[in-house]
Protein chains: 2
Amino acid sequence: MCWYSTSEWMEKIAAKKQTLAFKKGEVIFKEGSPATGIYFLLEGIVKVHKHWGENKDLILHFSKPGELFGYRGLGDDTIYPVTATVLEHCTACFVPMDFFNETLRINHELTLQFLRFHLNELKYAELRMRNLALMDVKGRIADAILMLEKRFGKRDDGFIGLQLKRQDLAAYAGTTYETFFRMVNELIKEDAIAVKGKQFSILNHQKLAQYGRVDNPLL
Amino acid sequence: MCWYSTSEWMEKIAAKKQTLAFKKGEVIFKEGSPATGIYFLLEGIVKVHKHWGENKDLILHFSKPGELFGYRGLGDDTIYPVTATVLEHCTACFVPMDFFNETLRINHELTLQFLRFHLNELKYAELRMRNLALMDVKGRIADAILMLEKRFGKRDDGFIGLQLKRQDLAAYAGTTYETFFRMVNELIKEDAIAVKGKQFSILNHQKLAQYGRVDNPLL
DNA sequence: CGCGGTTTTGAACTAAGTCAAAAACCGTGG
DNA sequence: CCACGGTTTTTGACTTAGTTCAAAACCGCG
(Lines give C-alpha, C1' and ligand atoms only; values in the text may rest on other atoms or scores of the structure.)
Protein backbone atom coordinates (compact mmCIF):
# COMPACT_ATOMS: atom_id res chain seq x y z
CA MET A 1 0.00 0.00 0.00
CA CYS A 2 2.99 2.27 0.32
CA TRP A 3 3.40 3.23 -3.29
CA TYR A 4 5.59 6.15 -2.37
CA SER A 5 7.95 4.17 -0.21
CA THR A 6 10.91 4.77 -2.44
CA SER A 7 10.00 8.34 -3.16
CA GLU A 8 11.65 11.26 -1.48
CA TRP A 9 8.85 13.42 -2.65
CA MET A 10 6.71 12.80 0.36
CA GLU A 11 9.37 13.73 2.81
CA LYS A 12 9.93 16.98 1.06
CA ILE A 13 6.24 17.68 1.13
CA ALA A 14 5.87 16.78 4.75
CA ALA A 15 8.68 19.11 5.65
CA LYS A 16 7.49 22.02 3.59
CA LYS A 17 3.72 22.13 3.82
CA GLN A 18 1.56 22.85 6.79
CA THR A 19 0.34 19.96 8.85
CA LEU A 20 -3.14 19.81 10.27
CA ALA A 21 -4.52 18.06 13.31
CA PHE A 22 -7.90 16.38 13.51
CA LYS A 23 -9.61 14.89 16.46
CA LYS A 24 -11.52 11.66 16.80
CA GLY A 25 -14.82 11.62 14.99
CA GLU A 26 -14.02 14.67 12.92
CA VAL A 27 -14.89 14.62 9.24
CA ILE A 28 -11.90 15.68 7.17
CA PHE A 29 -13.77 15.89 3.91
CA LYS A 30 -17.18 14.80 2.83
CA GLU A 31 -18.58 12.90 -0.11
CA GLY A 32 -19.84 15.35 -2.68
CA SER A 33 -17.83 18.35 -1.60
CA PRO A 34 -15.24 19.89 -3.93
CA ALA A 35 -11.88 18.21 -3.77
CA THR A 36 -9.27 20.69 -2.74
CA GLY A 37 -6.29 18.44 -2.25
CA ILE A 38 -4.93 15.22 -0.90
CA TYR A 39 -3.69 14.33 2.53
CA PHE A 40 -0.59 12.55 3.71
CA LEU A 41 -1.29 10.92 7.05
CA LEU A 42 1.42 11.36 9.67
CA GLU A 43 -0.30 9.97 12.75
CA GLY A 44 -3.60 8.36 13.60
CA ILE A 45 -6.17 6.34 11.71
CA VAL A 46 -8.71 7.50 9.18
CA LYS A 47 -11.59 5.66 7.62
CA VAL A 48 -12.61 6.32 4.04
CA HIS A 49 -16.24 5.53 3.42
CA LYS A 50 -19.27 6.07 1.22
CA HIS A 51 -22.77 6.39 2.48
CA TRP A 52 -26.18 5.44 1.18
CA GLY A 53 -29.63 6.26 2.43
CA GLU A 54 -30.15 7.38 5.96
CA ASN A 55 -27.77 5.44 8.10
CA LYS A 56 -25.91 3.00 5.97
CA ASP A 57 -22.37 3.28 4.91
CA LEU A 58 -19.64 1.14 3.55
CA ILE A 59 -16.06 1.58 4.65
CA LEU A 60 -13.70 1.29 1.73
CA HIS A 61 -10.42 1.69 3.43
CA PHE A 62 -8.60 2.32 6.68
CA SER A 63 -5.62 4.63 6.28
CA LYS A 64 -2.67 4.47 8.61
CA PRO A 65 0.37 6.72 9.13
CA GLY A 66 2.55 6.96 6.07
CA GLU A 67 -0.32 6.63 3.66
CA LEU A 68 -2.21 8.99 1.43
CA PHE A 69 -5.90 9.58 1.33
CA GLY A 70 -8.12 11.90 -0.58
CA TYR A 71 -6.52 11.01 -3.88
CA ARG A 72 -9.88 9.75 -4.98
CA GLY A 73 -10.75 13.38 -5.52
CA LEU A 74 -8.33 13.44 -8.45
CA GLY A 75 -9.44 12.44 -11.94
CA ASP A 76 -12.22 13.73 -14.08
CA ASP A 77 -14.48 15.39 -11.65
CA THR A 78 -12.97 17.14 -8.76
CA ILE A 79 -15.44 16.14 -6.16
CA TYR A 80 -14.62 13.81 -3.33
CA PRO A 81 -16.54 10.62 -4.02
CA VAL A 82 -15.93 9.48 -0.45
CA THR A 83 -15.91 10.77 3.09
CA ALA A 84 -12.88 10.67 5.38
CA THR A 85 -13.50 10.43 9.10
CA VAL A 86 -10.98 10.28 11.91
CA LEU A 87 -10.97 7.11 13.98
CA GLU A 88 -7.95 7.95 16.04
CA HIS A 89 -6.68 11.45 16.61
CA CYS A 90 -4.44 12.29 13.71
CA THR A 91 -2.14 14.75 12.11
CA ALA A 92 -1.94 15.00 8.37
CA CYS A 93 -0.17 17.05 5.86
CA PHE A 94 -2.35 18.70 3.25
CA VAL A 95 -1.22 18.91 -0.35
CA PRO A 96 -3.31 21.24 -2.52
CA MET A 97 -4.59 19.70 -5.71
CA ASP A 98 -2.83 22.12 -8.02
CA PHE A 99 0.45 21.47 -6.42
CA PHE A 100 0.00 17.74 -6.58
CA ASN A 101 -1.06 17.83 -10.20
CA GLU A 102 1.89 19.99 -11.03
CA THR A 103 4.20 17.56 -9.34
CA LEU A 104 2.72 14.71 -11.30
CA ARG A 105 3.27 16.62 -14.50
CA ILE A 106 6.92 17.08 -13.68
CA ASN A 107 7.94 14.01 -11.76
CA HIS A 108 7.67 10.99 -13.96
CA GLU A 109 8.92 8.57 -11.35
CA LEU A 110 6.28 9.68 -8.92
CA THR A 111 3.60 9.36 -11.56
CA LEU A 112 4.66 5.81 -12.28
CA GLN A 113 4.55 4.90 -8.64
CA PHE A 114 1.23 6.54 -8.23
CA LEU A 115 -0.07 4.62 -11.22
CA ARG A 116 1.24 1.37 -9.84
CA PHE A 117 -0.44 2.09 -6.57
CA HIS A 118 -3.75 2.70 -8.26
CA LEU A 119 -3.53 -0.43 -10.31
CA ASN A 120 -3.30 -2.36 -7.08
CA GLU A 121 -6.09 -0.38 -5.50
CA LEU A 122 -8.27 -1.10 -8.49
CA LYS A 123 -7.57 -4.80 -8.30
CA TYR A 124 -8.42 -4.82 -4.67
CA ALA A 125 -11.59 -2.84 -5.20
CA GLU A 126 -12.73 -5.28 -7.84
CA LEU A 127 -11.95 -8.20 -5.64
CA ARG A 128 -14.10 -6.69 -2.95
CA MET A 129 -16.83 -6.01 -5.45
CA ARG A 130 -17.00 -9.67 -6.17
CA ASN A 131 -16.95 -10.52 -2.50
CA LEU A 132 -19.77 -8.15 -1.72
CA ALA A 133 -21.81 -9.50 -4.59
CA LEU A 134 -21.19 -13.21 -4.29
CA MET A 135 -19.60 -14.18 -1.01
CA ASP A 136 -21.66 -14.68 2.12
CA VAL A 137 -21.36 -12.43 5.14
CA LYS A 138 -19.27 -14.84 7.13
CA GLY A 139 -16.67 -14.96 4.39
CA ARG A 140 -16.53 -11.20 4.13
CA ILE A 141 -16.07 -10.89 7.86
CA ALA A 142 -13.30 -13.47 7.78
CA ASP A 143 -11.65 -11.45 5.03
CA ALA A 144 -12.05 -8.25 6.96
CA ILE A 145 -10.27 -9.69 9.97
CA LEU A 146 -7.49 -11.19 7.90
CA MET A 147 -7.04 -7.86 6.19
CA LEU A 148 -6.79 -6.04 9.49
CA GLU A 149 -4.06 -8.30 10.78
CA LYS A 150 -2.18 -8.06 7.53
CA ARG A 151 -2.34 -4.31 7.42
CA PHE A 152 -2.01 -3.42 11.08
CA GLY A 153 0.06 -6.31 12.34
CA LYS A 154 -0.35 -8.03 15.65
CA ARG A 155 1.01 -7.11 19.03
CA ASP A 156 2.98 -9.35 21.34
CA ASP A 157 -0.15 -10.76 22.91
CA GLY A 158 -1.43 -11.78 19.50
CA PHE A 159 -4.15 -9.18 19.19
CA ILE A 160 -4.40 -7.10 16.08
CA GLY A 161 -2.65 -3.75 16.34
CA LEU A 162 -5.76 -1.74 15.65
CA GLN A 163 -8.90 -1.60 17.70
CA LEU A 164 -12.09 -0.73 15.95
CA LYS A 165 -15.69 -0.46 16.92
CA ARG A 166 -17.77 -3.37 15.80
CA GLN A 167 -19.91 -0.92 13.96
CA ASP A 168 -16.95 -0.01 11.79
CA LEU A 169 -15.90 -3.56 11.25
CA ALA A 170 -19.42 -4.38 10.17
CA ALA A 171 -19.45 -1.40 7.84
CA TYR A 172 -16.23 -2.61 6.29
CA ALA A 173 -17.57 -6.12 5.78
CA GLY A 174 -20.71 -4.68 4.27
CA THR A 175 -23.19 -5.93 6.81
CA THR A 176 -25.15 -4.82 9.84
CA TYR A 177 -23.94 -4.55 13.36
CA GLU A 178 -26.10 -7.41 14.62
CA THR A 179 -25.24 -9.81 11.86
CA PHE A 180 -21.58 -9.02 12.32
CA PHE A 181 -21.92 -9.77 15.97
CA ARG A 182 -23.56 -13.14 15.41
CA MET A 183 -21.03 -14.21 12.84
CA VAL A 184 -18.17 -13.24 15.08
CA ASN A 185 -19.69 -15.45 17.77
CA GLU A 186 -19.71 -18.35 15.38
CA LEU A 187 -16.10 -17.74 14.49
CA ILE A 188 -15.22 -17.70 18.17
CA LYS A 189 -17.11 -20.92 18.79
CA GLU A 190 -15.18 -22.51 15.95
CA ASP A 191 -11.88 -21.38 17.50
CA ALA A 192 -11.02 -19.36 14.45
CA ILE A 193 -10.62 -16.11 16.33
CA ALA A 194 -10.56 -14.73 19.87
CA VAL A 195 -12.07 -11.47 20.99
CA LYS A 196 -11.63 -9.38 24.09
CA GLY A 197 -13.45 -6.10 24.10
CA LYS A 198 -12.36 -4.24 21.02
CA GLN A 199 -9.42 -6.54 20.53
CA PHE A 200 -9.44 -9.24 17.92
CA SER A 201 -6.93 -11.95 17.33
CA ILE A 202 -6.76 -14.72 14.79
CA LEU A 203 -6.30 -18.21 16.18
CA ASN A 204 -6.64 -20.18 13.00
CA HIS A 205 -5.69 -18.48 9.78
CA GLN A 206 -6.40 -21.63 7.85
CA LYS A 207 -9.99 -21.83 8.97
CA LEU A 208 -10.58 -18.15 8.43
CA ALA A 209 -9.15 -18.32 4.95
CA GLN A 210 -11.57 -21.07 4.10
CA TYR A 211 -14.45 -18.69 4.49
CA GLY A 212 -12.63 -15.85 2.88
CA ARG A 213 -10.41 -16.55 0.00
CA VAL A 214 -6.90 -17.36 -0.98
CA ASP A 215 -6.64 -14.93 -3.84
CA ASN A 216 -6.95 -11.81 -1.75
CA PRO A 217 -3.79 -9.79 -2.38
CA LEU A 218 -4.03 -8.17 1.01
CA LEU A 219 -3.78 -11.48 2.85
CA MET B 1 -13.54 5.69 -20.63
CA CYS B 2 -11.28 6.54 -23.52
CA TRP B 3 -8.24 7.65 -21.61
CA TYR B 4 -6.08 7.33 -24.68
CA SER B 5 -8.29 9.38 -26.92
CA THR B 6 -5.74 12.10 -27.37
CA SER B 7 -2.83 9.75 -27.62
CA GLU B 8 -1.25 8.74 -30.85
CA TRP B 9 0.38 5.88 -29.10
CA MET B 10 -2.48 3.51 -29.66
CA GLU B 11 -2.59 4.07 -33.36
CA LYS B 12 1.05 3.36 -33.67
CA ILE B 13 0.61 0.20 -31.69
CA ALA B 14 -2.37 -0.94 -33.65
CA ALA B 15 -0.46 -0.47 -36.87
CA LYS B 16 2.67 -2.22 -35.75
CA LYS B 17 1.68 -5.17 -33.63
CA GLN B 18 -0.17 -8.26 -34.64
CA THR B 19 -3.91 -8.34 -34.29
CA LEU B 20 -5.77 -11.38 -33.09
CA ALA B 21 -9.30 -12.58 -33.74
CA PHE B 22 -11.53 -14.25 -31.18
CA LYS B 23 -14.89 -15.79 -31.63
CA LYS B 24 -18.00 -15.58 -29.52
CA GLY B 25 -17.75 -17.36 -26.20
CA GLU B 26 -13.99 -17.67 -26.39
CA VAL B 27 -11.98 -16.94 -23.26
CA ILE B 28 -9.17 -14.52 -24.05
CA PHE B 29 -7.48 -14.85 -20.70
CA LYS B 30 -8.49 -16.38 -17.45
CA GLU B 31 -8.46 -15.28 -13.83
CA GLY B 32 -5.36 -16.64 -12.16
CA SER B 33 -3.27 -17.19 -15.26
CA PRO B 34 -0.04 -15.25 -15.78
CA ALA B 35 -0.57 -11.86 -17.33
CA THR B 36 1.32 -11.67 -20.59
CA GLY B 37 0.08 -8.38 -21.92
CA ILE B 38 -2.81 -6.07 -22.52
CA TYR B 39 -5.29 -5.91 -25.36
CA PHE B 40 -6.56 -3.07 -27.44
CA LEU B 41 -10.01 -3.91 -28.73
CA LEU B 42 -10.61 -3.10 -32.39
CA GLU B 43 -13.96 -4.77 -32.99
CA GLY B 44 -16.51 -6.66 -30.96
CA ILE B 45 -17.53 -6.76 -27.31
CA VAL B 46 -15.73 -8.37 -24.41
CA LYS B 47 -16.89 -8.93 -20.88
CA VAL B 48 -14.43 -8.75 -18.01
CA HIS B 49 -15.55 -10.79 -15.03
CA LYS B 50 -14.55 -12.53 -11.83
CA HIS B 51 -15.96 -15.81 -10.68
CA TRP B 52 -16.71 -17.34 -7.34
CA GLY B 53 -17.73 -20.84 -6.39
CA GLU B 54 -19.18 -23.15 -8.94
CA ASN B 55 -21.35 -21.10 -11.17
CA LYS B 56 -21.40 -17.58 -9.93
CA ASP B 57 -19.69 -14.69 -11.49
CA LEU B 58 -19.79 -10.95 -11.42
CA ILE B 59 -19.23 -8.93 -14.56
CA LEU B 60 -17.06 -5.92 -13.88
CA HIS B 61 -16.99 -4.32 -17.22
CA PHE B 62 -18.06 -4.51 -20.84
CA SER B 63 -15.35 -3.41 -23.23
CA LYS B 64 -16.16 -1.96 -26.61
CA PRO B 65 -14.03 -1.12 -29.66
CA GLY B 66 -11.42 1.51 -28.95
CA GLU B 67 -10.90 0.43 -25.38
CA LEU B 68 -8.23 -1.45 -23.53
CA PHE B 69 -8.66 -4.51 -21.41
CA GLY B 70 -6.30 -6.76 -19.57
CA TYR B 71 -4.52 -3.84 -17.92
CA ARG B 72 -5.65 -5.25 -14.62
CA GLY B 73 -2.80 -7.70 -15.07
CA LEU B 74 -0.37 -4.85 -14.51
CA GLY B 75 0.76 -3.87 -11.04
CA ASP B 76 2.32 -5.86 -8.31
CA ASP B 77 1.54 -9.36 -9.22
CA THR B 78 1.44 -10.24 -12.81
CA ILE B 79 -1.53 -12.48 -12.74
CA TYR B 80 -4.80 -11.65 -14.36
CA PRO B 81 -7.25 -11.06 -11.53
CA VAL B 82 -10.15 -11.30 -13.98
CA THR B 83 -11.35 -13.31 -16.93
CA ALA B 84 -12.07 -11.83 -20.35
CA THR B 85 -14.70 -13.54 -22.47
CA VAL B 86 -15.89 -12.62 -25.93
CA LEU B 87 -19.54 -11.62 -26.21
CA GLU B 88 -19.42 -10.57 -29.82
CA HIS B 89 -16.83 -11.77 -32.28
CA CYS B 90 -13.86 -9.50 -31.95
CA THR B 91 -10.44 -8.53 -33.13
CA ALA B 92 -7.93 -7.15 -30.74
CA CYS B 93 -4.39 -6.02 -30.84
CA PHE B 94 -2.12 -7.60 -28.30
CA VAL B 95 0.55 -5.54 -26.54
CA PRO B 96 3.10 -7.59 -24.60
CA MET B 97 3.57 -6.53 -21.01
CA ASP B 98 7.24 -5.71 -21.38
CA PHE B 99 6.60 -3.47 -24.27
CA PHE B 100 3.80 -1.69 -22.51
CA ASN B 101 5.81 -1.21 -19.37
CA GLU B 102 8.69 0.12 -21.38
CA THR B 103 6.40 2.57 -23.09
CA LEU B 104 5.11 3.76 -19.77
CA ARG B 105 8.63 4.28 -18.58
CA ILE B 106 9.39 6.46 -21.56
CA ASN B 107 6.18 8.20 -22.41
CA HIS B 108 5.19 10.49 -19.60
CA GLU B 109 2.10 11.83 -21.30
CA LEU B 110 0.78 8.31 -21.78
CA THR B 111 1.48 7.46 -18.17
CA LEU B 112 -0.46 10.49 -17.01
CA GLN B 113 -3.41 9.57 -19.18
CA PHE B 114 -3.27 6.03 -18.01
CA LEU B 115 -3.22 7.22 -14.41
CA ARG B 116 -6.16 9.49 -15.00
CA PHE B 117 -8.04 6.63 -16.52
CA HIS B 118 -7.38 4.44 -13.53
CA LEU B 119 -8.41 7.08 -11.07
CA ASN B 120 -11.78 7.14 -12.77
CA GLU B 121 -11.97 3.37 -12.88
CA LEU B 122 -11.22 3.24 -9.20
CA LYS B 123 -13.93 5.72 -8.40
CA TYR B 124 -16.39 3.76 -10.40
CA ALA B 125 -15.37 0.49 -8.81
CA GLU B 126 -15.85 1.95 -5.37
CA LEU B 127 -19.19 3.34 -6.31
CA ARG B 128 -20.26 -0.08 -7.43
CA MET B 129 -18.90 -1.60 -4.25
CA ARG B 130 -21.24 0.57 -2.31
CA ASN B 131 -24.12 -0.25 -4.58
CA LEU B 132 -23.53 -3.97 -4.26
CA ALA B 133 -23.28 -3.69 -0.52
CA LEU B 134 -26.08 -1.28 0.26
CA MET B 135 -28.42 -0.77 -2.65
CA ASP B 136 -31.22 -3.18 -3.38
CA VAL B 137 -31.34 -5.32 -6.49
CA LYS B 138 -33.84 -3.17 -8.30
CA GLY B 139 -31.59 -0.16 -7.96
CA ARG B 140 -28.59 -2.04 -9.23
CA ILE B 141 -30.53 -3.24 -12.23
CA ALA B 142 -31.73 0.27 -12.92
CA ASP B 143 -28.12 1.42 -12.77
CA ALA B 144 -26.99 -1.37 -15.04
CA ILE B 145 -29.49 -0.37 -17.72
CA LEU B 146 -28.64 3.30 -17.44
CA MET B 147 -24.98 2.45 -17.71
CA LEU B 148 -25.59 0.39 -20.84
CA GLU B 149 -27.39 3.20 -22.60
CA LYS B 150 -24.76 5.67 -21.57
CA ARG B 151 -21.92 3.53 -22.78
CA PHE B 152 -23.41 1.93 -25.86
CA GLY B 153 -25.85 4.61 -26.93
CA LYS B 154 -29.27 4.03 -28.39
CA ARG B 155 -30.30 3.27 -31.90
CA ASP B 156 -32.92 5.12 -33.91
CA ASP B 157 -35.69 2.95 -32.55
CA GLY B 158 -34.67 3.86 -29.03
CA PHE B 159 -33.24 0.49 -28.08
CA ILE B 160 -29.83 0.33 -26.53
CA GLY B 161 -27.04 -0.30 -28.99
CA LEU B 162 -25.89 -3.49 -27.36
CA GLN B 163 -27.81 -6.68 -26.89
CA LEU B 164 -26.90 -8.88 -24.02
CA LYS B 165 -28.19 -12.08 -22.60
CA ARG B 166 -30.23 -11.61 -19.47
CA GLN B 167 -27.79 -13.89 -17.76
CA ASP B 168 -25.02 -11.37 -18.41
CA LEU B 169 -27.09 -8.41 -17.36
CA ALA B 170 -27.92 -10.21 -14.15
CA ALA B 171 -24.26 -11.00 -13.59
CA TYR B 172 -23.43 -7.36 -14.06
CA ALA B 173 -26.07 -6.23 -11.59
CA GLY B 174 -24.84 -8.82 -9.14
CA THR B 175 -27.96 -10.91 -8.92
CA THR B 176 -29.49 -14.12 -10.23
CA TYR B 177 -31.15 -14.69 -13.51
CA GLU B 178 -34.58 -15.16 -11.99
CA THR B 179 -34.47 -12.15 -9.74
CA PHE B 180 -33.27 -10.06 -12.62
CA PHE B 181 -36.17 -11.27 -14.67
CA ARG B 182 -38.73 -10.41 -12.02
CA MET B 183 -37.33 -6.95 -11.41
CA VAL B 184 -37.28 -6.19 -15.11
CA ASN B 185 -40.94 -7.12 -15.21
CA GLU B 186 -41.67 -4.63 -12.50
CA LEU B 187 -39.75 -1.94 -14.32
CA ILE B 188 -41.76 -2.67 -17.44
CA LYS B 189 -45.03 -2.53 -15.54
CA GLU B 190 -43.99 0.84 -14.17
CA ASP B 191 -43.27 2.09 -17.70
CA ALA B 192 -39.66 2.76 -16.83
CA ILE B 193 -38.29 0.55 -19.58
CA ALA B 194 -39.40 -1.47 -22.58
CA VAL B 195 -38.03 -4.82 -23.61
CA LYS B 196 -38.27 -6.80 -26.80
CA GLY B 197 -36.28 -9.98 -26.87
CA LYS B 198 -32.71 -9.05 -26.10
CA GLN B 199 -33.40 -5.40 -26.73
CA PHE B 200 -33.83 -2.95 -23.91
CA SER B 201 -34.87 0.64 -24.06
CA ILE B 202 -35.34 3.25 -21.40
CA LEU B 203 -38.70 5.01 -21.37
CA ASN B 204 -38.30 7.03 -18.23
CA HIS B 205 -34.81 7.99 -17.18
CA GLN B 206 -36.16 9.90 -14.25
CA LYS B 207 -37.89 6.92 -12.76
CA LEU B 208 -34.95 4.65 -13.34
CA ALA B 209 -32.59 7.11 -11.74
CA GLN B 210 -34.75 7.12 -8.64
CA TYR B 211 -33.92 3.51 -8.01
CA GLY B 212 -30.34 3.88 -9.01
CA ARG B 213 -28.55 7.03 -8.13
CA VAL B 214 -27.67 10.46 -9.30
CA ASP B 215 -24.05 10.35 -8.33
CA ASN B 216 -23.02 7.64 -10.77
CA PRO B 217 -20.35 9.15 -13.02
CA LEU B 218 -21.28 6.83 -15.83
CA LEU B 219 -24.83 8.11 -16.06
C1' DC C 1 -40.09 -31.81 -36.54
C1' DG C 2 -37.46 -32.06 -32.63
C1' DC C 3 -33.62 -30.47 -29.91
C1' DG C 4 -30.94 -27.23 -27.01
C1' DG C 5 -31.08 -23.20 -25.13
C1' DT C 6 -33.41 -19.59 -23.41
C1' DT C 7 -37.68 -17.38 -20.87
C1' DT C 8 -41.28 -17.47 -17.72
C1' DT C 9 -43.68 -18.77 -13.59
C1' DG C 10 -44.68 -20.74 -9.07
C1' DA C 11 -43.50 -22.23 -4.59
C1' DA C 12 -40.38 -23.21 -0.84
C1' DC C 13 -36.55 -21.78 1.58
C1' DT C 14 -33.00 -19.18 3.88
C1' DA C 15 -29.56 -15.76 4.78
C1' DA C 16 -29.51 -11.62 6.41
C1' DG C 17 -31.77 -7.36 7.93
C1' DT C 18 -34.86 -5.10 11.27
C1' DC C 19 -36.77 -4.03 15.61
C1' DA C 20 -36.83 -3.93 20.36
C1' DA C 21 -35.21 -4.43 24.77
C1' DA C 22 -32.04 -6.18 28.36
C1' DA C 23 -27.42 -6.25 30.12
C1' DA C 24 -22.82 -4.81 30.40
C1' DC C 25 -19.45 -1.23 30.06
C1' DC C 26 -17.27 3.31 30.63
C1' DG C 27 -16.05 7.83 31.63
C1' DT C 28 -16.83 11.56 34.70
C1' DG C 29 -18.23 14.26 38.13
C1' DG C 30 -19.98 14.49 42.73
C1' DC D 1 -15.87 5.06 45.53
C1' DC D 2 -20.25 5.22 43.80
C1' DA D 3 -24.08 6.79 41.03
C1' DC D 4 -25.43 8.41 36.63
C1' DG D 5 -26.21 8.79 31.73
C1' DG D 6 -24.81 7.47 27.56
C1' DT D 7 -22.94 4.38 24.52
C1' DT D 8 -21.86 -0.26 23.25
C1' DT D 9 -22.85 -5.18 23.52
C1' DT D 10 -25.76 -9.06 23.57
C1' DT D 11 -30.00 -11.62 22.70
C1' DG D 12 -34.37 -13.00 20.99
C1' DA D 13 -38.24 -12.77 17.84
C1' DC D 14 -39.80 -11.44 13.53
C1' DT D 15 -39.79 -9.95 8.59
C1' DT D 16 -38.31 -9.94 4.10
C1' DA D 17 -35.60 -9.53 -0.03
C1' DG D 18 -33.56 -12.42 -2.72
C1' DT D 19 -32.02 -17.26 -3.93
C1' DT D 20 -32.93 -21.85 -5.20
C1' DC D 21 -35.23 -25.47 -7.37
C1' DA D 22 -38.15 -27.34 -10.61
C1' DA D 23 -41.09 -27.48 -14.25
C1' DA D 24 -43.69 -25.31 -18.21
C1' DA D 25 -43.72 -22.64 -22.34
C1' DC D 26 -41.30 -20.62 -25.95
C1' DC D 27 -38.18 -20.01 -29.81
C1' DG D 28 -34.85 -20.28 -33.35
C1' DC D 29 -32.62 -23.40 -36.29
C1' DG D 30 -30.54 -27.36 -38.40
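Letters A, B, ... are given to chains in the order of the sequence lines, protein chains preceding strands, and every chain is numbered from 1. Side-chain atoms are counted along with the backbone in the values below, which use heavy atoms only and exclude waters and symmetry mates.
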Mapping K165(B) and F180(A) onto DNA chain C by nearest heavy atom, which one lands closer to the 5' end?
K165(B)

Donor-acceptor under 3.5 Å (R140(A) side chain, A173(A) main chain)
yes

Per salt bridge (charged side-chain N to carboxylate O under 4.0 Å, His left out), E126(A) is matched among K50(B), R72(B), R128(B) by R72(B)

Rounded distance in Å - CD (Q199(B)) to P (dT6(C)):
17 Å

Under 4.0 Å, counting only non-hydrogen atoms across every strand here, what does K138(A) touch: a base, just sugar-phosphate, or nothing?
nothing

Using OP1 and OP2 only, check whether a side-chain N or O of Y177(A) sits under 4.0 Å from dT8(D).
no

Pick base, sugar-phosphate or nothing for E178(B), based on heavy-atom distances below 4.0 Å to the nucleic acid.
base

If you pin K198(A) and M183(B) to their nearest nucleotides in DNA chain D, which one's is more 5'?
K198(A)

So what does R182(A) touch, heavy atoms closer than 4.0 Å: a base, only the sugar-phosphate, or nothing?
base

Is the phosphate of dG18(D) approached by T176(B) (side-chain N or O, under 4.0 Å from OP1 or OP2)?
no

The residue, N185(A) or A133(A), whose nearest nucleotide of DNA chain D is more 5′ is N185(A)

Y211(B) and E190(B): side-chain donor and acceptor closer than 3.5 Å?
yes

R166(B) CZ - dC26(D) C1' separation (whole Å):
12 Å

Rounded interatomic separation in angstrom, taking CD1 from I188(A) and P from dT9(D):
12 Å

Roughly how far, to the nearest 0.5 Å, is OH of Y177(A) from CG of L169(A)?
10.0 Å

Looking only at side-chain N and O atoms, does T179(A) come under 4.0 Å of OP1 or OP2 in dA16(C)?
no

